[in-house]
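Just so it is clear, the values below take in all heavy atoms, side chains as well, and ignore hydrogens, waters and symmetry mates. The sequence lines fix the lettering, A, B, ..., with proteins before strands; numbering per chain opens at 1.
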Amino acid sequence: MYTRIRDVIQTATRVLGYVGMVFIFPMMLLTSADATYRDLFSRTIPGAFELSSLMLSILVLLGLAYAQQMRDHVRVTFLVERLPEKLGTIVTIITTLMSMSIVAILCWQGVVLSLENTQVSDMLRIPQWPFRMLVAVGAFFLLLEFFFDLVDSVRRLAE
Amino acid sequence: AEGGTIHLKFSTWHPPASREVTTVWTPMLEELKKRSNGRITYTLYAGGALGKGPEHFDIVKKGLSDMGYFTATWTPGRFPMTDVLSLAAWVDGKELATDIGNAMNKEILNKEFQDVKVLELNGCIQAFLWTTKPVRSLEDLKGMKIRSPGGMQTAYIKALGAEPVFMPLGDVYMAMDTGTIDGLVTCPPLILAFKLHEVAKHAVKATFGCVSEGVVMNQKTWDKTPPDLQKIIMEVVGNPFATTHGLGKKTYAQMMEELKAKGANIYDLPPDQEAKWFKEFQEATKKWAADLEKQGHPAKEAVIMYNKIAEEHGTKCVAFPPEWAQKK
Amino acid sequence: MIVDPVMIGILGSVSVFILIFLGMHIAFAMMFVGFIGLYILCAFEPAVAATASTMWEVASFYPYTVIPLFVIMGSLAGSSGMTRDLYTSFDKWTRKVPGGLAVATIGACGAFAAVSGSSVATAAAMGTVALPEMERFKYDPKLSTGSVAAGGTLGFLIPPGIGFVVYGMLTEQSIGKLLISGVLPGLLLAGAYASICVLWAVLYPQAAPRDVEPVTWKEKLIALNGVKEPLFIFLFVIGGIYTGFFTPDEAGAIGATILLIVAAVKRKLTWPALFGSLTGSIRISVMVLMLVAGANVFSTFMALSTIPVQAANWVTSFDVSRYVILAMIILIYVILGCFLDAISMMVLTLPVVFPIVLALHFDPIWFGVVAVLMMEAGLITPPMGLNLFTVAGVAKGVRLETIIKGTAPFLGAIIVVAVILTIYPNIALVLPKMMGK
Ligand code: NA
Ligand code: NA
C-alpha cells in the first residue's frame, strides 16, 4: 500500500517538474521575439520582463521536489559515510527532520503569504498570489520527498 | 511608562553612503536619541541588508525591522489609492512632498495602512527622464525601453509612446550600460546615489512626479512604546526631511548643479512640447481614476483633493485634468 | 531574555558548518539555521514570513532567467555535436601545452565573461559545454571542475560585472572607471588560472592525459572545420551584444533558440536529447536557486547579528602597518565570503571598511579591484560558494568534495593576484587614469 501511494506521489512530482520545464520554451521564444521585434520594428512586447520572471517562478517552484527526487540538492556525505552505520542513519534522520521542518514552514507560509497578497504586475496587472501559491505547492511535494527519505532511514535503522 | 527605553531597528534600501542615509536617516535617528536623552537607541540597516526594496513594507509589518522606509509604488496593486501621491507635480523638496503626503494621509489614504503605524507619507521630489541618447520630442521616445519606478510613472511612459520596464534601481546601471534599457525616470538624488549620470547623460526637465513613499513603524513596537517617546517619534519622524533639512529645496538646487558639473546634459522642454507631454499625463490620470473608480475607490475625489492640497502648498500638479477644476 | 547577537551569529555559523558536515543538504541547512537565528534575534512571525518570502523573491527574480537559458544553450550545443567538434579541434591545436584543454576552457570562460556580468551564468554555460568534453579526454574531475568553477569567477572581474556596480554604488566611486580598472587584473587572473592548469598537468601528468602523437599542420587545418559552426554562433551572439542588437540577458535565449533550430535542421535533435536538455536545465536552476534562497535567509540573519560590521570594526581598529591591516581585511573577506553571498558581504562591510581604506591612503579604485577579487573568492569557498554548486549541478556524478579540492589551487591564484596588485597597483590603475577626469 505504502509503495503504491509513494509511486503515485513520486510520479506526480515528476510530472510537476516536466510541466515546469516546458516553460523554458516560452521564456526562450518570448525573449528572442522581444529582442528581434525591437531591432526590426523599434517596438517591444509589453510585459516581456514580467512574463519572464513569472515563468521563472513556475519553473523553479514546480521543480523544487523533482530536483530532490533526482538527488540534485547538493550535500557533503564523506563524514556521514564514515560514521558507524547505525549512528550515520540516526544523524541522517535528524538532519532530514530539520530539513522537513523548514520545508513545512515554506509550505504553510506559502499559503498564508499568497492569500494575503494583493499585488499585481506593473504592466499587465497580472495578480501575483496564484504564482506565490506555487511556493506552497512545491514545498508540499518537497516535504513528501523528504518524508519518503525519512521512512527509508527509519526502516534501515529498524533492520 | 516614564523612563522606559526602546531600541529601534531601522531599515532602508538606500545605499549606506547615499545622501538619504547620511543627511536624513542617520541624523533623524540621532535626533531621536538626543531628544529622548538616550532612551531611544537604534541600529540602522541600509542598502537593503534586511531585504530588497519592494519588501520593505512587509519587513516592518511582520516585525523583522521596527521602523523602515518603504516605497508603495514598488508593490503595484497593494496601495492603489496611495499612487495619487505620484501624480506629476512640480515638487522641488522632500519636506514639501511630506507636508502634502501627510495631509493626504489624514484625509483619505490612512485606510490603506491599517496594519502598521504610519509616521509619514510623501511623494518624491519631481523626477525627470534620463536617457542614454538625447530626447527632444515624443518622436525620439518611440520604442525606447525606459525603467519605470512603477505606478503613475509607468502610465506616463506608456502614454508618451515608450516601453516601461520595471527593475530594481540597483540593476539599472548595468542594464543601461549593456543596452537592456535606454533610460529611466527617477529623481536627482537617486541618479546621484546610483551613479546613473555616468550612463544616462541626457535629462529632459519635465516633471514625471515620482514614487509614493513613507516611514512606517511596526504596530506592536509602536503600541509598546511609552507615550512620551511616541510623541518624540512623531515630532522627529513626522517630517524627517524638515527635521534634518536633508533633501530639502536647497539641497535639491545644489544637486542639480552637481549633476550639471558632472556632465549631465539637462534639457528644458519648449512650452509647446511640454504642453503635449502634460496633456498625455492628464489623459493617463483620467484613465487611472476611471479604473480605480470601477473597483470602488474614490479616485477622482482623491485627485481633486491632491490638486487642491498641492496648490495650497504653492505647487502645481501638471497631471491634473483642467476640466475637473470647475466641478466642485 | 537578553541575547548577544554576535554570540548567536557565531553559534549560527558554527552550526551551519556542523550540519553540512553531517550531510544535511546545504541549501536547507543554511535556510534552517538562518530561520532559527531570525527567530532568536527577532521573533517567530517575522522569521517564518521572511523565510517564505525569500523563496518567492529568489524564484521570481528576472536576472536569474539567465541560468536556465544558458544551461539549455550549453546542452543543446552539446547534443548537436558542436562542442565535440570544438574540443576535438582545441585538442589538436593545444596538444603541446600541458593541460591544454583546461587552459582552453579558461580562455573560453574569459571570452564569455567579457559579455556576461554574471559568474553563475558563466559557470553554468561553460560547465555544460566543457565538462563532458574534458571527461571524454579523461581529465581528472578535480582539474576539470576546478577550472570551470574558477574560470566562471572571471565574469565578475572582466567587465561588465555586477561586483563593480555594487562597489561603486556603496563607495561613491565612478562605476565607469571601476569597470575599466578590472580589465588588466582580469587578464592577469585569467593568466594565473591558466598557469595553474599547466602546472597541475606538469606535476600530475595523469590528471590531464596527453596524446603524444604529433599533429600535422594539415590535420590542424582540417580540424578547424569543426570550429566553423560554434565560432559562427559565438561571433553572432557576441557581435549581437557589441552592436547593441541584443543584451547579455537576451543572449542566452537567442543562442538557445538558434541552437535549437540548428540541431533540428541537422537532424540531431532527438527526443531523448531534448528531454535531457530540458530536465538538466530545470534541475540545475532549481538546485542553484534553492541555494541562493538558503543563503539569502542566512545573510539576513548575519545582518541582524551585526557580525560583518563588528568584524570590520575589529580588524580596522588595530594600530599597525597599513599592509597588515589590508592583509587582515582580505582575511576577513575570505572568511565572510564562506557564508555570505558576494553582494551582501560588501553591503554589510564596506560602510566600515571603506573609510579606513581611504584613511590608510589606498586608492579607492584600486581597492575596488581587490574587493571584487574577494567577491570572486567567495564564489568558490564552501559552504556558500555559488560557482561550486553550479558546477556540482552540471557535473553529474562528481562529488562536491572533489570540486572543492579542485578549486583550492585557483583560490590560491586569487590571493596571489591580490598580492601582485598590492605591489604593483598600477596594473589596476593605468587604464582608469588614461580615462582622465
Ligand atoms: Na563580466
Ligand atoms: Na563562499
K.L.:
Set out, in order, the CA-CA distance, both residues' side-chain angles and the distance that settles side-chain hydrogen bond (donor to acceptor under 3.5 Å, both in side chains) for C/R399 and A/T77, then state yes or no.
P.N.:
CA-CA 9 Å; C/R399 297 166 68 109; A/T77 49; 3.1 Å; yes

K.L.:
For C/I20, is it the side chain, the backbone, both or neither that has a heavy atom under 4.5 Å from a heavy atom of chain A?
P.N.:
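Backbone plus side chain of C/I20, per the 4.5 Å heavy-atom cut-off to chain A.
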
K.L.:
What are the two closest heavy atoms between C/A49 and A/Q109, and how far apart are they?
P.N.:
CA-OE1, 3.6 Å

K.L.:
Which bit of C/L388 is near chain A, if near means a heavy-atom gap under 4.5 Å: side chain, backbone, both or neither?
P.N.:
neither

K.L.:
Is the shortest side-chain heavy-atom distance between C/V286 and A/Q68 below 4.5 Å?
P.N.:
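Answer no - side chains too far apart.
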
K.L.:
Using the side-chain hydrogen bond (donor to acceptor under 3.5 Å, both in side chains) rule, take A/S52 and C/T65 through it: C-alpha gap first, then chi angles, then the decisive distance, then the call.
P.N.:
CA-CA 7 Å; A/S52 288; C/T65 55; 5.8 Å; no

K.L.:
Where does C/I254 contact chain A at under 4.5 Å (heavy atoms): side chain, backbone, both or neither?
P.N.:
both

K.L.:
Which heavy atom of A/I24 sits nearest a heavy atom of C/I282, and at what distance?
P.N.:
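Residues A/I24 and C/I282, closest heavy atoms: CD1-N, 4.4 Å.
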
K.L.:
With only heavy atoms counted, which part of C/L274 is less than 4.5 Å from chain A, the side chain, the backbone, both or neither?
P.N.:
side chain

K.L.:
Any chance you could lay out the side chain to side chain contact (heavy atoms under 4.5 Å, CB included) test for C/F28 and A/L142, step after step, and finish with the verdict?
P.N.:
CA-CA 12 Å; C/F28 300 104; A/L142 182 55; 3.6 Å; yes

K.L.:
With chain C as the partner, which of A/V80, A/L56, A/L79 has the greatest number of non-hydrogen pairs under 4.5 Å?
P.N.:
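Ranked by heavy-atom pairs under 4.5 Å with chain C, first place is A/L56.
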
K.L.:
Verify the neighbour count for atom CZ of C/F21: are there more than 12 heavy atoms of other residues, nucleotides or ligands below 6.0 Å?
P.N.:
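Count not over threshold, so no.
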
K.L.:
Determine, step by step, whether C/M290 and A/D72 satisfy the side chain to side chain contact (heavy atoms under 4.5 Å, CB included) criterion, reporting the C-alpha distance in whole Å, the side-chain angles of both residues, the deciding distance to 0.1 Å, and the verdict.
P.N.:
CA-CA 11 Å; C/M290 191 66 223; A/D72 287 327; over 6 Å; no

K.L.:
Measuring heavy-atom distances to chain C, does A/V74 have an atom under 4.5 Å in its side chain, in its backbone, in both, or in neither?
P.N.:
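Both parts, backbone and side chain.
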
K.L.:
Once you round to the nearest 0.5 Å, how far does CZ of A/R71 lie from CZ of C/R283?
P.N.:
11.0 Å

K.L.:
Under 4.5 Å from any heavy atom of chain C, what part of A/E50 do you find: side chain, backbone, both or neither?
P.N.:
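Neither part.
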
K.L.:
Measuring heavy-atom distances to chain A, does C/I284 have an atom under 4.5 Å in its side chain, in its backbone, in both, or in neither?
P.N.:
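Neither part.
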
K.L.:
Do you know which of A/L113, A/V76, A/V135, A/L134 has the most heavy-atom pairs with chain C at a distance under 4.5 angstrom?
P.N.:
A/V76

K.L.:
Near A/F147 CZ, under 6.0 Å, is it more than 12 heavy atoms from other residues, nucleotides or ligands?
P.N.:
no

K.L.:
Starting at CZ of C/F389, measure out to NE2 of A/H73 and round the result to the nearest 0.5 Å.
P.N.:
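Here the rounded value is 13.0 Å.
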
K.L.:
Taking C-beta and beyond as the side chain, do A/S99 and C/M24 meet within less than 4.5 Å on heavy atoms?
P.N.:
yes

K.L.:
Surrounding CD of A/E85 (heavy atoms of other residues, nucleotides or ligands, distance under 6.0 Å), is the total greater than 12?
P.N.:
no

K.L.:
For A/V103, is it the side chain, the backbone, both, or neither that has a heavy atom closer than 4.5 Å to a heavy atom of chain C?
P.N.:
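Contact with chain C: side chain only.
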
K.L.:
With chain A, which of C/T54, C/I26, C/L278 has the greatest number of heavy-atom pairs at distances under 4.5 Å?
P.N.:
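Maximum pair count with chain A is reached by C/L278.
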
K.L.:
Do you know the tightest heavy-atom contact between C/F35 and A/I105?
P.N.:
CZ-CD1, 3.4 Å

K.L.:
Quick one: pull up CD1 in C/I36 and OG in A/S101 and give me the separation to the nearest 0.5 Å.
P.N.:
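Atom-to-atom, C/I36:CD1 and A/S101:OG are 6.5 Å apart.
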
K.L.:
Counting only heavy atoms from other residues, nucleotides and ligands, does the tally under 6.0 Å from CZ of A/F23 exceed 12?
P.N.:
no

K.L.:
To the nearest 0.5 Å, what is the distance between CE on A/M27 and OG on C/S281?
P.N.:
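The CE atom of A/M27 sits 7.5 Å away from the OG atom of C/S281.
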
K.L.:
Would you name the heavy atoms of C/V48 and A/W108 that are closest together and state the gap between them?
P.N.:
CG1-CZ3, 3.7 Å

K.L.:
Side chain from CB out, backbone as N, CA, C, O: work out which of these in A/T96 comes under 4.5 Å of a heavy atom of chain C, or both, or neither.
P.N.:
neither

K.L.:
Heavy-atom distance under 4.5 Å to chain C: side chain of A/L59, backbone, both or neither?
P.N.:
both

K.L.:
Are the side chains of A/M70 and C/T279 in contact, using a 4.5 Å heavy-atom criterion?
P.N.:
no

K.L.:
Measure the CG-CZ distance between A/L97 and C/F32 for me, rounded to the nearest 0.5 Å.
P.N.:
9.5 Å

K.L.:
Would you mind telling me which of A/I58, A/L62, A/V60, A/L30 has the largest number of heavy-atom pairs within less than 4.5 Å of chain C?
P.N.:
A/V60

K.L.:
Non-hydrogen atoms of chain C under 4.5 Å away: do they reach the side chain of A/Y18, the backbone, both or neither?
P.N.:
side chain

K.L.:
Report which part of A/V91 has an atom under 4.5 Å of a heavy atom belonging to chain C: side chain, backbone, both, or neither.
P.N.:
side chain

K.L.:
Given heavy-atom pairs under 4.5 angstrom as the criterion, report whether the side chain, backbone, both or neither of C/E57 touches chain A.
P.N.:
side chain

K.L.:
Please report the interatomic distance CD1(A/I90) to CG(C/L22), rounded to the nearest 0.5 Å.
P.N.:
12.5 Å

K.L.:
For a quick test of reading the model, state the closest non-hydrogen atom pair linking A/R75 to C/H25 and the distance between them.
P.N.:
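Closest pair (atom of A/R75, atom of C/H25, distance): CD-NE2, 3.3 Å.
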
K.L.:
Just wondering, do C/T257 and A/L29 contact through their side chains at under 4.5 Å, heavy atoms?
P.N.:
yes

K.L.:
How close do C/W56 and A/L54 get, heavy atom to heavy atom, and via which atoms?
P.N.:
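Shortest heavy-atom contact: CH2-CD2, 4.3 Å.
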
